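Structure, as structure tokens:
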Amino acid sequence: MNNFTEAKNLYEQLGVHVEEALTKLNSFPVSMHCWQGDDVIGFDQGQSLSGGIQTTGHYPGKASTPQELMADIDEALKYIPGTKKLNLHASYALFEDGEHVDRDQLEPKHFKGWVEFAKARNLKLDFNPTIFSHPKAEGLTLASNDETIRTFWVDHCKACIRISEYFANELGGPVVMNIWIPDGLKDVPGSRFAPRQRYMQSLDEILSMDYDHEKVKVALESKVFGIGMESYTVGSGEMTFGYAIRHGLTPLMDNGHYHPTEMVSDKISSALLLAGELALHVTRPVRWDSDHVVLFDDETREICKEIVRCDGLDNVYLATDFFDASINRIAAWVIGLRNVQKAMLYALLEPTETVRKLQDEGDFTTLLALQEELKTMPFHEIWAEYCRRNKVEPGLAWLDSVKRYENEQLRKRGE
Ligand code: RNT
Ligand code: ZN
């Protein structure tokens with residue numbers, strides 16, 4: 001008997017269906033964010049990052065051209081098992097020979113190169129309007145009282161819906177198109193109402209366009225505060241969740257966007273009950289929305305457990321969202337994405353029916369004992385088997401390859 005078979009037997013004694021878990025994990029898509037590769041800069045503005053989000057660190061070798069970013073994504077994908085999607089931002093538009101259009105004029109053709117990239121790798125795409133790092137995003141955007149600015153961003157979002165629809169037509173859907181606005185105020189507001197009313201009006205205008213709601217899932221991401229927006233954010237939890245429910249959109253929860261003791265894992269069941277579906281940004285906040293690399297930690301596991309327990313694998317769209325510029329950026333992707341896959345596997349290896357029954361029967365003693373027992377089960381053996389079946393090395397072998405790539409490619413790039 002090999003280690004996997006032995007481990008599988010032990011799990012099965014606890015009522016876990018290991019093969020079922022492996023199959024489910026393999027078909028659950030995780031959307032990898034493209035922006036870890038270049039510190040959220042993109043190709044359209046050459047501007048520094050704005051919107052109250054920040055990367056810190058100067059690790060050498062950041063991608064600064066589409067070719068470099070694509071090569072780095074390829075390098076990362078080699079070491080990540082499972083079904084992946086690629087999550088793009090509008091700022092990653094590809095312009096040909098000196099052509100440049102502003103964000104309100106973007107068209108599907110500006111993303112043709114990404115569609116070809118995705119097709120060749122059997123990936124589907126997700127998308128995001130980029131409502132930051134732009135001269136018209138220095139104050140409020142979709143909530144602006146300057147009509148020119150507000151309309152500019154409304155038009156940008158409409159353009160992004162058309163581009164998302166193009167992705168769905170070319171590669172299959174649904175494409176999750178997530179709207180996040182950085183709008184907020186540093187200090188005590190004079191009116192919290194007016195900007196939210198304008199945000200609502202902008203969303204109404206965007207959604208008045210005709211698009212296929214099955215192909216494009218418009219998601220709304222909330223936030224509690226940003227750097228320079230400490231006192232008020234327009235797109236708060238209630239604002240975005242409420243609007244999403246009322247208009248049949250998908251709420252998006254980023255686990256860096258809540259008060260430190262407020263857990264997204266606790267919100268998933270409510271969201272699924274009330275909205276029917278939910279999009280997630282999985283990240284790691286350290287004291288603030290710092291977007292550190294995702295760990296195989298308690299909250300990541302608990303988020304995944306909730307998805308599994310709510311039978312939400314088909315209704316939850318999970319994307320990663322972190323940006324660390326202080327370590328090898330490709331390694332950051334690999335570590336974070338593998339941890340999401342691990343956490344999902346860990347969650348699928350919980351005997352869901354048993355734990356629910358124990359709770360219903362009020363047998364909290366057994367429930368606690370069983371949950372603690374699960375923590376020291378031979379999880380690694382199942383993970384290793386999952387990696388092998390996906391033709392990915394289970395252990396740290398990937399790191400040598402990434403270091404080689406760093407020496408041969410990244411170190412040769414200019415700063
Ligand atoms: C910012 C949000 C948002 C961004 C990306 C780049 O706080 O989390 O999702 O991180 O769109
Ligand atoms: Zn996010």
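Quick note: residue numbers are just sequence positions, from 1. Only a predicted model underlies this, so the values are computations on that prediction, with no experimental measurement involved. Read the numbers this way: they start at 1 and go in the same order the structure lists the ligands and their atoms.
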Going by an N to O cut-off under 4.0 Å, is there a salt bridge joining [X] and [Y]?
| X | Y | value |
| --- | --- | --- |
| Arg404 | Glu75 | no |
| Asp104 | Lys136 | no |
| Arg198 | Asp183 | no |

request  = Answer yes or no: does atom CD of Glu19 have more than 12 heavy-atom neighbours from other residues, nucleotides or ligands under 6.0 Å?
outcome  =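 Atom CD in Glu19 is crowded, with more than 12 foreign heavy atoms closer than 6.0 Å.
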
inquiry  = Within a 6.0 Å radius of atom CG on Asp360, are there more than 12 heavy atoms belonging to other residues, nucleotides or ligands?
reply    =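 Result for CG/Asp360: enclosed.
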
ask   = Would you call the rings of Phe225 and Trp288 parallel, tilted or perpendicular if under 30° counts as parallel and over 60° as perpendicular?
value =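 Plane angle between 30° and 60°, so tilted.
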
Pairs under 3.5 angstrom, nitrogen or oxygen on both sides, ligand 1 versus protein: list them out, please.
residue	atom	partner	partner atom	Å
ligand 1	7 (O)	Lys223	NZ	2.7
ligand 1	7 (O)	His257	NE2	2.9
ligand 1	7 (O)	Asp289	OD2	3.3
ligand 1	8 (O)	Glu221	OE2	3.0
ligand 1	8 (O)	Asp254	OD2	2.9
ligand 1	8 (O)	His257	NE2	3.0
ligand 1	8 (O)	Asp321	OD2	2.8
ligand 1	9 (O)	Glu221	OE1	2.7
ligand 1	9 (O)	Glu221	OE2	3.2
ligand 1	9 (O)	His281	ND1	3.2
ligand 1	9 (O)	Asp321	OD2	3.1
ligand 1	10 (O)	Asp321	OD1	3.1
ligand 1	10 (O)	Asp321	OD2	2.8
ligand 1	11 (O)	His89	NE2	2.8

request  = Under the ring-ring contact (aromatic ring centres under 6.0 Å, His included) rule, collect the residues that match up with His156, sequence neighbours excluded.
outcome  =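 Only Trp153 meet the ring-ring contact (aromatic ring centres under 6.0 Å, His included) criterion with His156.
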
query = Tell me, which N, O or S atom in His281 is closest to the Zn ion (ligand 2)?
reply =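 The atom in question is ND1.
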
message = Suppose you place the vertex at the Zn ion (ligand 2); what is the angle out to Asp254 OD2 and Asp321 OD2, to 10°?
response =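 With the Zn ion (ligand 2) as the vertex, OD2 (Asp254) and OD2 (Asp321) sit 90° apart.
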
message = If I take every N, O or S atom of Glu221, is at least one of them less than 2.8 Å from the Zn ion (ligand 2)?
response =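 Of the N, O and S atoms in Glu221, at least one lies under 2.8 Å from the Zn ion (ligand 2), which means yes.
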
